[in-house]
Number of protein chains: 2
Amino acid sequence: MSRLDRSLISGLPVFEGLQADDLDRMLQSARSLRIEKETPIFEQGGEAHSFFVLLDGRARVVKSTADGQQVIVRYIVPGELMGIAQALGRTTYPASAIAVLDCVVLAWPGRLWPEFATAYPTFGMNTYKTVGARLNDVQTQVVEMATEQVERRVAHSLLRLIKQSGRKTEAGILIDFPITRQDIAEMTGTTLHTVSRLLTAWEEKGLVRSGRQQVTIKEPHRLLLLAEGRSRQD
Amino acid sequence: MSRLDRSLISGLPVFEGLQADDLDRMLQSARSLRIEKETPIFEQGGEAHSFFVLLDGRARVVKSTADGQQVIVRYIVPGELMGIAQALGRTTYPASAIAVLDCVVLAWPGRLWPEFATAYPTFGMNTYKTVGARLNDVQTQVVEMATEQVERRVAHSLLRLIKQSGRKTEAGILIDFPITRQDIAEMTGTTLHTVSRLLTAWEEKGLVRSGRQQVTIKEPHRLLLLAEGRSRQD
DNA sequence: CACCGACTTTGATAAATCGCAAATGAAACC
DNA sequence: GGTTTCATTTGCGATTTATCAAAGTCGGTG
């Protein structure tokens, strides 16, 4: 098995504060995996055999209902943890993760989690910070879904996406991975039809530019006003 | 300062697996507080000076938006942790907690959290399990809000409430604390009017019995069918 | 290069739910 | 006991958004 170089992870926030030899030791029990676009990385309800760090690509975390509807819980970008069921005292994954692009991940056997958390307390702390941030994110999302109507929810979602995955282009800030109207609908609890209508309307106002599987925000500031409900309707 | 007896917490799930003397030591740094009905226990955005265990009463955790709307994130019942911002690497509370009834809580200084987590690893693990369960709950709620319409959401909420806080009576299972139509609306992202109409309709079908600030589920099973969308409409 | 499939747009209609207003009811407070 | 306050109910019109249906568009593939 080829050695994994420490530089793969040394810059990542989760591994911040760890010694070089700690990183090396952690990498000894990691496997590096390549996952093809649109392939599952782990599956909801499945036994949580591993936890992961995404090194390259993008993943979407999806939670499905008994009757087959699904909701995109979040997108994962390189450097982020995913599938950390063990850290939460779970033995199965509460959601699925699917590669949106070809991905490279590091995977550790789930049973190592407790050892890691005690042997590298900084890593444990950092992980719990991540969990805390996510709990907060999800709660914010609940508040949004409870209090805002669709237009503002979609606006907020797009703003979060460009914050997390935005790439600056001449035309504005591009969401840097393929995303369909359907995906946006699944993030915001609406239908692809409504998302399509919103994007068309926004395009006419010059806020965004969108095409097949891509969205560029031309005027983030104005979109934010709209998201916050502070824009007089014109 | 009066000694707190170990029996206060020894039976609680969070403290499970701890030695008697560990409990005693933990209690040495705890204060016991009495909080009057409808008084805040901690406030959103405030510095997270303490974390708490609810010993008696009920608390609701509320998250407010910039424009003053609020959402009830969850109810806390005796034995549960709350305000554990430190465990999530936060320095401020992400939500407020308000006593629904007169409450008794134990409070520990927030700065003790890291010491506790290392000195009593079982306690740490149990706490993270709690966090994991809550993360899962909130995500489930997002999925519900994204995929279900109001009637099913309200049904699910009531079912969760009786699971957590139900008291069996002759008439059925009573939600064991005062709860208004407005409260239920804030849990489910709807209006008190819609909740009122739903409860009236359900009452006519014999599913529930409700009055001022109280709800009794007469037929949990049928309500579940409705919540799951498996009931033919009659 | 034509075809296929996936994604997107758009219109028309229907349904769900909100917002407003007003009336009623029940508990709490002098 | 009377009054006040808060919670609840109910009707109705207005809006939002879903649903259904159909057509258009783009990109890739054989």
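Residue numbers begin at 1 in each chain, while the letters A, B, ... track the order of the sequences. Computed over heavy atoms, backbone and side chain alike; hydrogens, waters and symmetry mates excluded. Note that the coordinates shown come from a computational prediction; the quantities given were computed from them, not determined experimentally.
Remark: the A:His156 side chain and the A:Gln141 side chain contain no N/O donor-acceptor pair separated by less than 3.5 Å. With hydrogens and angles left out, the side-chain atoms of A:Thr127 and A:Thr130 include no donor and acceptor closer than 3.5 Å.
Taking 4.5 Å as the limit, every side-chain heavy atom of B:Leu55 sits out of range of all side-chain heavy atoms of B:Pro78. Using a 4.5 Å heavy-atom cutoff, the side chains of B:Ile184 and B:Leu158 are in contact. At least one side-chain heavy atom of A:Pro178 sits less than 4.5 Å from a side-chain heavy atom of A:Val100.
Remark on the helix from C:dC1-D:dG30 to C:dC30-D:dG1: inter-end axis angle 30°, axes from five-pair C1' superpositions, rounded to 10°.
The side-chain contact (heavy atoms from CB on, under 4.5 Å) test applied to B:Ile173 returns B:Ile162, B:Pro220, not counting sequence neighbours.
Applying the salt bridge (Lys or Arg N to Asp or Glu O under 4.0 Å) test to pairs two or more places apart or on separate chains, none has a residue in residues 180-191 of chain B. Among residue pairs with one or both ends in residues 178-220 of chain A, none qualify as ring pair (Phe, Tyr, Trp, His ring centres under 6.0 Å); sequence neighbours excluded. Judged as a side-chain hydrogen bond (donor to acceptor under 3.5 Å, both in side chains), the pairs with a partner in residues 157-178 of chain B (not counting sequence neighbours) are, in order, B:Arg58-B:Ser165, B:Glu144-B:Arg160, B:Arg167-B:Asp176. Sequence neighbours left out, not one pair with a member in residues 93-102 of chain B passes side-chain hydrogen bond (donor to acceptor under 3.5 Å, both in side chains).
Annotation: the span from B:Glu36 atom CD to B:Thr39 atom OG1 amounts to 5.0 Å, rounded to 0.5 Å. A distance of 11.5 Å separates OG of B:Ser210 from CD1 of B:Ile179, quoted to the nearest 0.5 Å. The distance from the CD atom of A:Glu151 to the OG1 atom of A:Thr188 is 12.0 Å, given to the nearest 0.5 Å. Of the inter-residue distances, the one linking A:Leu192 atom CG with A:Arg197 atom CZ reads 9.5 Å to the nearest 0.5 angstrom.
Scanning residues 169-187 of chain B for heavy-atom distances under 4.0 Å to DNA chain C yields an empty list. Near-neighbour residues of DNA chain C inside residues 68-76 of chain A, defined by a heavy atom below 4.0 Å, are absent.
Protein chain A contacts DNA chain D from D:dT16 to D:dG27, reading 5' to 3' and using non-hydrogen atoms of the protein with a distance under 4.0 Å.
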Discussion item. Walk along nucleotides 21-27 of chain C from 5' to 3' and tag each nucleotide B, S or - by protein heavy-atom contact under 4.0 Å, base first, then sugar-phosphate.
Written reply: B---BBS
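Contact check, A:Thr200 against C:dT10: a side-chain N or O comes under 4.0 Å of OP1 or OP2.
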For nucleotides 12-17 of chain C, list the nitrogen or oxygen atoms of the protein found under 3.5 Å from its nitrogen or oxygen atoms, one pair per line.
residue, atom, partner, partner atom, Å
C:dT17, OP1, B:Val150, N, 2.7

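B:Leu199 comes within 4.0 angstrom of nothing in the nucleic acid, heavy atoms only.
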Item to complete: Decide side-chain hydrogen bond (donor to acceptor under 3.5 Å, both in side chains) for B:Asp137 and B:Gln139; before the verdict, give the C-alpha distance in whole Å, the side-chain angles of both, and the deciding distance to 0.1 Å.
Response: CA-CA 5 Å; B:Asp137 289 350; B:Gln139 280 182 347; over 6 Å; no
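Heavy-atom minimum distance, A:Ser32 versus A:Val104: OG-CG1, 4.2 Å.
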Which pairs of donor and acceptor atoms, one on a side chain in residues 41-51 of chain B, lie under 3.5 Å apart (sequence neighbours left out)?
residue, atom, partner, partner atom, Å
B:Gln44, OE1, B:Ser64, N, 2.8
B:Gln44, NE2, B:Ser64, O, 3.2

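A:Arg209 CZ: 12 or fewer foreign heavy atoms inside a 6.0 Å radius.
Remark: C1' of C:dT8 and CG of A:Leu198 are 14 Å apart, rounded to the nearest angstrom.
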